[in-house]
Amino acid sequence: MTTEFINTSTIRDNVLKNVSILLGLFVLVVASINMFLTYNYILGAIELVISMTFFQIYYKVRNYQSLAWQPAFVASLITVGLLYGFYHTKPSSAIVMWVYVLPPLYQLMFNRVIGSVATFAMLVATSIIYFPGLFNDDVYPFSFINFAIPYTMIWAIAYNHEIVRVGVQKRLEQMARTDSLTGAFNHLALYQDTSSKLHFCAVSHLLHFDLDWFKKINDTYGHSVGDEVLKTIVQRVQSTLTNSRIYRIGGEEFCVIFCANDMTEAKQMSETLRESIESLVFEPDIRVTISGGLIALPNECKNEDLDLALKSTDRALYRAKASGRNVIYAAETSLL
């Protein structure tokens, strides 16, 4: 199953894929002009490398390969190429207009802080190299102002767009990973957290449990009461197993990943949780118990490992049901 949620890097990579072919071809044409018409071999060589990198970006993203150094490399090469162009081309070529591309490019390639630092560092470099008579010639100050104001406005738009985009992205990811009723993580988050090695302790254990006779509570007292029971169970797990994460993977079915030094300690902690839930009393005089299975997780838990773990705990859970409920059994299969 696919557990990857579209994160910031994935969005960046897909944006780059969508424009990389066009930019690669365009920069290749510019490189050819510089090498064969204007005989600016150094600038042409830089542009050729940029073009080839764009083609590589397209190929890697199209084949679902992650990008590592390529985005920063492209941004650096474009910056170096522009700085070189400032030194070796005439002002009448208007090469300075290319600088307007940099604020959104830096925001895309880097994060907001590094992108902003790079943006204004380039503004300083441009003012020194391209406007050398800034304070000596009456014309240059106005030219620089007319350049700097739109450049800064483009940065402000790109920066604020990135703030909004990151905020929306985090909210969407939270919604995709969270059970809206109980506030627990969901089935998707369980697979993401294990496959992404988001372990928060040296030895992790998985407790897989469900509520005994929960359907009877819904049928007798209504779903609103059942919903309150589910929410209270999640709160009790979080308060009892403080260094843990709870996931709702079904109607009344939950998984808890928590820290324990060994299986003996994990059993003791699970038993403490079971007793704590058993002591709860809901209006009107409703009591709830749990049955579950327990297993230790490997430090590198792939999706296949988690599937095996859930199958093992599921069998232990059914043994607990068959033995009379309100008990937690260790899984017979070990993944360690």
Side-chain angles (χ1 to χ4, degrees), residues 1-5 177-179 182-214 229-230 233-280 288-336:
M1 65 179 293
T2 300
T3 61
E4 178 186 11
F5 189 83
R177 287 171 43 87
T178 305
D179 174 55
T182 64
F185 293 112
N186 59 19
H187 195 270
L188 171 65
L190 175 62
Y191 275 84
Q192 281 186 331
D193 289 354
T194 52
S195 64
S196 300
K197 302 179 183 179
L198 296 181
H199 303 302
F200 43 90
C201 49
V203 182
S204 299
H205 288 76
L206 172 68
L207 172 62
H208 178 192
F209 71 88
D210 72 2
L211 307 188
D212 298 326
W213 308 115
F214 183 73
V229 170
L230 293 174
I233 293 296
V234 169
Q235 294 168 3
R236 180 55 60 97
V237 171
Q238 292 170 335
S239 62
T240 304
L241 302 177
T242 53
N243 194 10
S244 66
R245 291 180 182 174
I246 181 168
Y247 306 82
R248 185 186 180 197
I249 63 172
E252 68 271 23
E253 190 175 2
F254 295 89
C255 283
V256 184
I257 297 179
F258 63 98
C259 303
N261 293 321
D262 50 35
M263 182 57 73
T264 300
E265 183 180 7
K267 288 180 181 178
Q268 292 173 349
M269 295 173 67
S270 300
E271 185 64 18
T272 299
L273 175 63
R274 186 195 63 77
E275 293 174 352
S276 177
I277 291 176
E278 185 181 15
S279 68
L280 290 171
V288 177
T289 59
I290 64 172
S291 300
L294 178 66
I295 194 170
L297 294 177
N299 288 331
E300 294 187 9
C301 187
K302 300 178 181 178
N303 286 349
E304 296 79 8
D305 297 324
L306 182 58
D307 288 336
L308 291 175
L310 291 176
K311 289 179 181 178
S312 298
T313 56
D314 209 35
R315 288 192 293 268
L317 191 156
Y318 277 106
R319 284 196 292 119
K321 296 286 189 183
S323 67
R325 292 179 166 81
N326 193 22
V327 65
I328 294 172
Y329 285 144
E332 296 177 344
T333 303
S334 174
L335 299 181
L336 301 181

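This structure is a prediction, so every number in the text was calculated from the model and none was measured.
Counting only heavy atoms from C-beta outward, the side chains of Ile328 and Leu207 approach each other to under 4.5 Å. Considering only heavy atoms from C-beta on, Thr333 stays 4.5 Å or farther from Leu308 through its side chain. At a threshold of 4.5 Å between non-hydrogen side-chain atoms, the residues Asn186 and Tyr247 do not count as touching. Here the side chains of His205 and Met269 are not in contact, with every heavy-atom distance at 4.5 Å or above. Looking at Leu211 and Ile233, their side chains come closer than 4.5 Å, going by heavy atoms from C-beta outward. Arg245 places a side-chain heavy atom less than 4.5 Å from the side chain of Phe185. By the 4.5 Å heavy-atom criterion applied to side chains, Leu294 and Met263 are counted as neighbours.
Judged purely by atom type and a 3.5 angstrom limit, Ser239 uses its side chain to pair as donor or acceptor with the backbone of Gln235. Listed for the Asp305 side chain is a donor-acceptor partner under 3.5 Å among the backbone atoms of Lys302.
Take Asn261 and apply the side-chain contact (heavy atoms from CB on, under 4.5 Å) test, not counting sequence neighbours, and it matches Glu265. By the side-chain contact (heavy atoms from CB on, under 4.5 Å) test, Gln238 pairs with Val234, Ile246, sequence neighbours left out. With sequence neighbours excluded, the residues satisfying side-chain contact (heavy atoms from CB on, under 4.5 Å) with Ala309 are Leu206, Ile295, Leu297, Leu335. Listed by chain and residue number, Arg319, Tyr329 satisfy the side-chain contact (heavy atoms from CB on, under 4.5 Å) test with Ala316 (two or more places apart in sequence, or in another chain). Under the rule for a salt bridge (charged side-chain N to carboxylate O under 4.0 Å, His left out), the partners of Glu271 that lie at least two apart in sequence or sit in another chain are Arg274. Evaluation of the salt bridge (charged side-chain N to carboxylate O under 4.0 Å, His left out) rule for Lys321 yields Asp210, Asp212 as partners, not counting sequence neighbours. With sequence neighbours excluded, no residue forms a salt bridge (charged side-chain N to carboxylate O under 4.0 Å, His left out) with Arg236. Taking the side chain to side chain donor-acceptor pair (under 3.5 Å) definition, one finds that Thr182 meets it with Asp179, sequence neighbours left out.
The distance from the CH2 atom of Trp213 to the OG1 atom of Thr289 is 9.5 Å, given to the nearest 0.5 Å. Atom OG1 of Thr240 is separated from atom CD of Glu275 by 10.5 Å, given to the nearest 0.5 angstrom.
Of all heavy-atom pairs spanning Ser279 and Ser276, the tightest one is OG-O, 2.6 Å.
Within 6.0 Å of atom CD in Glu332, 12 or fewer heavy atoms from other residues, nucleotides or ligands are found, so the atom counts as exposed in its surroundings.
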List the atom pairs, donor and acceptor, that lie under 3.5 Å between side-chain atoms in residues 252-260 and the rest of the protein, sequence neighbours left out.
{"from": "Glu253", "atom 1": "OE2", "to": "His208", "atom 2": "NE2", "distance (Å)": "2.5"}

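A side-chain donor from one of Asp307 and Tyr191 sits under 3.5 Å from a side-chain acceptor of the other.
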